[in-house]
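Just so it is clear: chains get the letters A, B, ... in the order the sequence lines come, proteins before strands, and each one is counted from 1. Note that this is a predicted model, so its numbers are computed, not measured.
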Number of protein chains: 2
Amino acid sequence: MAAKYDSIAADLRRRIQTGEWSPGARLPNEEPDLTTEYKVSLNTLRRALDLLVSEGLIDKRQGIGNFVRPARQRTRRTTERYQWEKDRVHLPESERRATGATEQDTGLSPADLAFAVEYGTEAANVELAEAFGVAAGTRLLRRVYRTGKKGEGAPLGESTSYLLYDMVSANPDLLFAENEPWPGGTMHQLSTVGIEIDHIVDEVTARPPTADEIDRLEIPPGVAVIALRKTSVDTTGRVVEVADIVWPGDRTTLVYTTQLKRWQP
Amino acid sequence: MAAKYDSIAADLRRRIQTGEWSPGARLPNEEPDLTTEYKVSLNTLRRALDLLVSEGLIDKRQGIGNFVRPARQRTRRTTERYQWEKDRVHLPESERRATGATEQDTGLSPADLAFAVEYGTEAANVELAEAFGVAAGTRLLRRVYRTGKKGEGAPLGESTSYLLYDMVSANPDLLFAENEPWPGGTMHQLSTVGIEIDHIVDEVTARPPTADEIDRLEIPPGVAVIALRKTSVDTTGRVVEVADIVWPGDRTTLVYTTQLKRWQP
DNA sequence: GAGTGGTCTAGACCACTGT
DNA sequence: CAGTGGTCTAGACCACTCC
């Protein structure tokens with residue numbers, strides 16, 4: 001015999017999916033409307049609603065009500081993007097300025113894209129020092145990028161990029177957020193200090209969001225995030241950028257294509 | 001002011017991480033031990049424990065107790081694996097038999113690896129038919145693989161592979177689970193009916209586990225799974241295999257390396 | 001201030017596990 | 001059967017949002 005909260009969740013799921021409440025619409029009050037309708041206590045009803053929250057079906061807003069979660073902008077990030085970024089570096093600035101990598105991933109036009117960036121410096125902790133192959137404490141330039149769709153409160157994702165400060169300070173323009181968005185992106189920025197990327201390693205995991213990410217990305221507690229550690233290696237074998245990128249798992253797809261060598265005929 | 005259940009969860013987290021209870025050890029009873037210690041009601045205490053479950057820190061076993069979750073075997077699956085699989089197809093059977101792809105990912109020896117497979121046929125639903133580019137209802141060979149570490153109850157992951165039945169039935173050996181594990185794996189199986197893989201597309205998302213996956217992979221509710229749709233395309237451009245692979249998000253890392261073309265000097 | 005969701009309590013009874 | 005976690009209730013009070 002299924003638990004009451006399970007049956008209620010299943011019924012609410014069905015009512016949402018059949019469109020009884022359209023996306024963005026407010027659900028009936030927990031108390032007294034839904035508790036009366038389902039003849040359960042408030043605790044039991046809220047347990048059912050918690051399930052729907054963890055599935056990303058509804059949003060709870062304290063003091064306001066519960067809402068059917070509208071479908072959000074999805075991100076589809078393909079591996080071709082890296083070669084695309086690299087090819088773009090040698091285009092004239094006007095072409096580089098026209099569109100960025102995030103537009104590629106989302107299909108959004110530059111006008112619909114919301115963009116925010118913060119620059120800062122920090123000393124490398126043990127983990128980052130190991131990723132770069134430098135001593136702990138080495139000065140790093142940390143840049144945090146948040147991109148999203150205008151009108152949607154939450155960003156689509158958040159990227160924290162680390163560069164070796166002494167490596168990029170050869171071009172002081174690279175040290176200030178005022179120069180963002182930089183036409184041609186990080187690969188072009190690095191090219192101004194003589195760096196060419198040879199290959200990029202992506203390490204992908206899924207995990208529960210941290211409390212911070214729940215706030216900033218508006219991820220319902222219980223929905224997972226995809227966490228990507230991107231390591232860029234230049235043509236001399238040096239690690240030149242380490243970036244940690246986080247997306248809501250339920251609206252992000254990463255696409256990787258592996259080309260295989262032909263067997264000899 | 002943090003909620004009580006949050007503070008209690010933070011304290012229990014700390015006590016687990018400092019080793020007050022070692023992995024596998026049983027926690028004190030919810031009632032009366034922990035409720036008395038933290039001076040809260042049972043509901044509040046259980047809410048704190050639910051947080052730890054969703055973080056994968058503890059296991060709850062009804063009728064027995066709560067246990068510190070032991071660290072599990074991790075999987076690290078690299079993109080080089082596909083070329084490795086392809087190169088192996090033309091090795092003599094003795095070498096192909098010696099080790100398989102999962103050993104590569106996990107670092108386990110063949111002796112430590114638990115392996116189970118089920119074969120069946122089904123009619124392609126709309127979604128699979130589209131992936132293959134065939135008509136809905138086309139007969140498919142469905143193969144479900146579960147691999148894990150001997151002694152750990154739960155598999156490390158579960159892979160559901162679909163092949164076009166009429167394509168592989170040219171070699172009847174490919175239709176029966178009794179021939180598994182097949183030395184050289186799927187790429188070798190396909191080579192016996194004249195198929196060479198040209199490239200593979202991986203699409204990665206994260207999502208909450210289904211009720212089934214919670215049981216079979218022993219994923220704590222609230223911990224995410226990584227879901228990978230792997231599409232193999234042969235040298236004539238045909239989609240020849242579609243596989244849906246699911247791993248627990250908290251102990252799987254996927255690694256993808258992208259080699260970029262050099263700029264001209 | 002009215003109305004909403006968020007937290008917490010005390011206590012009852014059920015379901016599962018091992019002896 | 002005893003002991004454990006699982007579900008559920010009724011009611012109290014707090015915190016946030018909007019008018």
Starting at atom [atom1] of [X], determine the distance to atom [atom2] of [N], rounded to an integer number of angstrom.
X	N	atom1	atom2	value
B/Glu31	C/dC13	CD	P	15 Å
B/Tyr38	C/dT9	OH	C1'	19 Å
A/Leu45	C/dG5	CG	P	9 Å
B/Leu42	C/dT7	CG	P	17 Å
B/Arg61	C/dG18	CZ	C1'	13 Å
B/Lys60	D/dT4	NZ	C1'	10 Å
B/Phe67	D/dT4	CZ	P	11 Å
B/Ile64	C/dA15	CD1	P	18 Å

Strictly below 4.0 Å, N to O, side chains only: are [X] and [Y] in salt-bridge contact?
X	Y	result
A/Arg229	A/Glu203	no
A/Asp202	A/Lys230	no
B/Arg47	B/Asp50	no

Considering just the side-chain nitrogens and oxygens of [X], establish if one lies under 4.0 Å of OP1 or OP2 belonging to [N].
X	N	result
A/Lys4	D/dT9	yes
A/Thr44	D/dT9	yes
B/Arg47	C/dT7	yes
B/Tyr5	C/dT7	yes

Base, sugar-phosphate or nothing for A/Gln62? Non-hydrogen atoms, less than 4.0 Å.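 Base: the residue A/Gln62, judged by heavy atoms under 4.0 Å, touches a nucleobase.
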
When you look at B/Arg139 and B/Glu122, which way does the side chain to side chain contact (heavy atoms under 4.5 Å, CB included) test go after all the steps? CA-CA 6 Å; B/Arg139 195 174 186 197; B/Glu122 70 178 49; over 6 Å; no

In terms of side-chain heavy atoms of A/Val40, which of C/dT9, D/dG5, D/dT9 is nearest?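 For A/Val40, the side-chain atoms sit closest to D/dT9.
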
Test for a donor-acceptor pair under 3.5 Å between the base of C/dT7 and the side chain of A/Asn43, counting only N and O atoms.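 Such a pair does not exist between side chain and base.
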
Under 6.0 Å from the ring centre and within 45 degrees of the ring axis: does the NZ or CZ of B/Arg61 meet both conditions for the six-membered ring of B/Phe67?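 Yes; both conditions hold, so B/Arg61 lies above the ring face of B/Phe67.
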
Reading DNA chain D from 5' onward, which residue's closest nucleotide shows up sooner: A/Asp6 or B/Asn29?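 This one resolves to B/Asn29.
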
